[in-house]
Protein chains: 2
Amino acid sequence: MTVVWQCQGVTSPAAPAGAVRQGSLRELNLALVLGRIAAARRPPSRAALAADTGLTRATVSAVVEDLVAGRLVTEADPTPRAGAGRPARGLMLAGDGPAGLGLEINVDYLAACVVDLAGQVRHHTVHRADLRPVSPAEALGQLAELAGRARVDAEAQGLTLAGAALGVPGLVDDAGRVRLAPNLGWRDVPVPELLADYPPLTERVDGVPPLAVDNEANLAALGELHSGTAPGSFLHISGEVGIGAGIVLDGALFRGTRGWSGEIGHIPVRPDGPPCRCGGRGCLELYAGQEAILSAAGLAGADLPADRASTRLTQLAAAEHPAVLHALTEAGTAIGVTVASVVNLLDLDTVVLGGGYAPLTGWLRPPVLAEIERRVLTAAWSPVTVRPATLGATAAAVGAAGSVVRRIIARPGGWLARL
Amino acid sequence: MTVVWQCQGVTSPAAPAGAVRQGSLRELNLALVLGRIAAARRPPSRAALAADTGLTRATVSAVVEDLVAGRLVTEADPTPRAGAGRPARGLMLAGDGPAGLGLEINVDYLAACVVDLAGQVRHHTVHRADLRPVSPAEALGQLAELAGRARVDAEAQGLTLAGAALGVPGLVDDAGRVRLAPNLGWRDVPVPELLADYPPLTERVDGVPPLAVDNEANLAALGELHSGTAPGSFLHISGEVGIGAGIVLDGALFRGTRGWSGEIGHIPVRPDGPPCRCGGRGCLELYAGQEAILSAAGLAGADLPADRASTRLTQLAAAEHPAVLHALTEAGTAIGVTVASVVNLLDLDTVVLGGGYAPLTGWLRPPVLAEIERRVLTAAWSPVTVRPATLGATAAAVGAAGSVVRRIIARPGGWLARL
DNA sequence: GTCATTTAATTCAACCACTGAACAAATAGC
DNA sequence: GCTATTTGTTCAGTGGTTGAATTAAATGAC
């Protein structure tokens, strides 16, 4: 049995922009019902779905039959119900159907994980290594090995991988080429070509590339969206060596005209400030990037590996180290000025601090909120929530895997047609 | 014959998020075909539409029959074609069907206009008057009178008004209440209530309010979108007394969580700059607002009415008045810093300068582009276009009227069901 | 001038998916 | 055991699309 790869991109529009043929009706209702099952707290019955969606029970039954046949949905154990009547058979996402493979390349680690339809992480590997001195080809080779092991493990658990997504800390174009990943030292790296020796990651199925490559900040934001703890629109700021942001609007990632949205690290905080290596002046990264915080805290010479720096900062902050507290307040103020701009522009009510910022949220939040309150015109009527991300350090990998299964949930028709 | 009002909001999602019943199919295809007719350069034939949409010619014929019966589409004069074959009958949006009423209240004028389905402005009235000393109730009374005259004129031309939208220079909530319009001096003005004496503007039809109230910058951006000269995603900056922006993403206005997006005037340019009346410091409005430009140009004492200030600036700039040129360069730089932030964040490739900025584009563009090139990470690969708005001074009124007819084009089913 | 050719639009039987109502299944309460 | 109640399925009916055949209206060759 061959593995089916059908991921063609990370954002899922779910709107049938094109022609609405006869069968589209079924496709839309498959997506509708499956979406409700995915969103429900406890396994809903067919009758409940009918009441919820407005479809008739007959239609829901037919739709569910398709979904069960396609291994997307299973019936839960018959739970004892209160009151009279035939007991409902609860429906839930299948744990043994299609799954998504999520990959991540970052400055100091590689990660691979597998997430099933229900959102459970079924496999997770992190390979710590400084990737800066390694060539892109070699790094991708190591990644492919990780991917291969993840696949074996997934299949041993009865899962079928339905696609893969890869997060990188840089700008990615439509073809999956990494145009620029400054902190990794990559420039114009043709990821799909370099992975050509690993067919499962590159062989096209029906002309669709199996591997989606995207910015890690975008994928981390998607992961946060799918974790169910975030609202439909929010800004997710990833504080790694650089600072990236994922923008989620109305339940969908906003990727911009070329897919290069979220470059929040180079928003000018002080237009006449010190020069940044991007060519601008006074960019946010100069005030709230990892190096800037370490240097302001007097830890510049320590030369910590990137993943240690964050934990070290948290420890010192918890110990109320004065220079660290000051550095975090300064960083928070700079983030707050930038976030105020974003909120004035987009009217978002939630900001999620992710990556290295997540454990520092307790210290960053006060100055961020202070700047928002000072600078956002509508802050008085609509308070802005600032909270830490719920996914851990490899949020991008989990988000990448989640994006694959979310795509199936948003358009089950494509998956079912392949059986 | 009664006037039918069916406008319920300005943004048009067009996606059938809910249940997909039997009839939804027809509704979606009505929207699909009508949308293609609206977007086409020259009147397409049924056959061309079939090829374009992927529907069969039979289906297109049936759909078009409905659209013609509903007065949304008419057949164009049979144009002589090249080559053999039965001549195609071109289809175009009807000029005598439903139309939209657009209204605008601004600091120094009231405007009303009527736009037909094809986007033609069929009626246009501007009433110049300083609205600051006038009470909101009285201003709205004058507006209702303008609206009444527009309606009479529209009906004399055989048009049926299908809804109305009103643009105001301030923040509007879901209920149509103006929460804050600083330059007008309004605060918590319940527009629908104050218009209660003018039933055509407030009587609900099927529980739907006939009048949508929105920010003028949003409506001006929509007008620009519908004029067909702008791409699917762009930033529209309205330079009036204040500075507002409309954000169009993927062909739809982005309104934010509460509908208060686009407050670009209070994005901090210099976080430690002079205090702004919004409570923040160094806001864009302090560097590129009308007063700031006039003051920097040494024209602060002139006390020109708002509409004159813009023309005066244009004249002086054309005459190469040194202080004015300097003031415009300074303003353009501030705008450029802000736009750079927006482009870094959203990856837009087009910025439209509207309102008072439109005639000044020639002088504002160079400094804006210079800042973008310095500060936008991706500027080297994807150049940003900065261009003037194509609609005139009352862009918001035209955009408001356009939003009404665009809603019908996006969801013709609702309109047809009312016949 | 006639006729083949070509393209446009309509007609019609077939089919697909949803609807609504009737029916079967499974439980609680009396 | 019987009824009430709720779940889920079956089935005839219907709306809307499909695809092929047919009609319509022009050009161009002879």
Side-chain angles (χ1 to χ4, degrees), chain A residues 16 18-33 37 40 42-69 73-91 412-413 416-417, chain B residues 16 18-33 37 40 42-69 73-91 412-413 416-417:
Chain A
V20 185
R21 10 183 48 71
Q22 187 83 249
S24 314
L25 207 57
R26 186 31 94 65
E27 233 168 280
L28 289 168
N29 282 330
L30 283 166
L32 178 68
V33 170
I37 293 173
R42 67 192 75 234
S45 67
R46 290 166 235 265
L49 287 168
D52 188 22
T53 60
L55 298 168
T56 59
R57 293 201 303 272
T59 304
V60 171
S61 277
V63 166
V64 166
E65 193 177 14
D66 282 8
L67 292 173
V68 170
V73 164
T74 50
E75 294 199 338
D77 297 331
T79 51
R81 8 180 352 281
R86 171 175 170 174
R89 278 186 283 169
L91 299 166
L416 295 178
Chain B
V20 185
R21 7 184 51 71
Q22 187 83 253
S24 315
L25 208 57
R26 183 35 86 71
E27 230 169 281
L28 289 168
N29 282 331
L30 283 166
L32 178 66
V33 170
I37 292 173
R42 67 192 74 235
S45 67
R46 292 163 174 77
L49 286 169
D52 188 21
T53 60
L55 297 168
T56 59
R57 293 200 302 272
T59 304
V60 171
S61 278
V63 166
V64 166
E65 193 177 13
D66 282 7
L67 292 173
V68 170
V73 164
T74 50
E75 294 199 339
D77 298 331
T79 50
R81 14 181 345 284
R86 173 175 168 175
R89 278 185 285 168
L91 298 166
L416 296 177

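All values reported here derive from a predicted model rather than from experimental measurement. Letters go in sequence order (proteins before strands), and every chain restarts at 1.
Under 4.0 angstrom from either OP1 or OP2 of C:dC18 there lies at least one side-chain N or O belonging to A:N29. The phosphate of C:dT19 has OP1 or OP2 within less than 4.0 Å of a side-chain N or O from A:T56. Contact annotation: B:S45 side-chain N/O to C:dA9 OP1/OP2 distance is under 4.0 Å.
Look at CG on A:D66: it is 13 Å from P on C:dC16, rounded to the nearest Å. Separating the CG atom of B:L32 from the P atom of D:dT17 is a distance of 11 Å, rounded to the nearest angstrom. In this structure, CG of A:L55 is placed 16 Å from C1' of D:dT9, rounded to the nearest angstrom. In this structure, B:E65 places its CD atom 12 Å from C1' of C:dA9, rounding to the nearest Å. At whole-Å resolution of the value, CZ in A:R26 and C1' in C:dT19 are 13 Å apart. When the C1' atom of D:dT17 is taken as reference, atom CD of B:E27 falls 16 Å away, rounded to whole Å.
With sequence neighbours excluded, the residues that form a side chain to side chain contact (heavy atoms under 4.5 Å, CB included) with B:A62 are B:R26. For B:P44, the side chain to side chain contact (heavy atoms under 4.5 Å, CB included) criterion is met by B:I37, B:A40, B:A48, B:L49, not counting sequence neighbours. The side chain to side chain contact (heavy atoms under 4.5 Å, CB included) test applied to B:A50 returns B:R57, B:V60, not counting sequence neighbours. When the salt bridge (Lys or Arg N to Asp or Glu O under 4.0 Å) test is applied to B:E65, no partner is found at least two apart in sequence or on another chain. For B:T56, the side chain to side chain donor-acceptor pair (under 3.5 Å) partners two or more places apart in sequence, or in a different chain, are B:T59.
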Subject >> Where protein sits on nucleotides 10-15 of chain C, one letter per nucleotide: B base, S sugar-phosphate only, - none, heavy atoms under 4.0 Å >> reply: BB----
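Note that CG of A:L67 and CG of A:L91 are 9.0 Å apart. Values are rounded to the nearest 0.5 Å.
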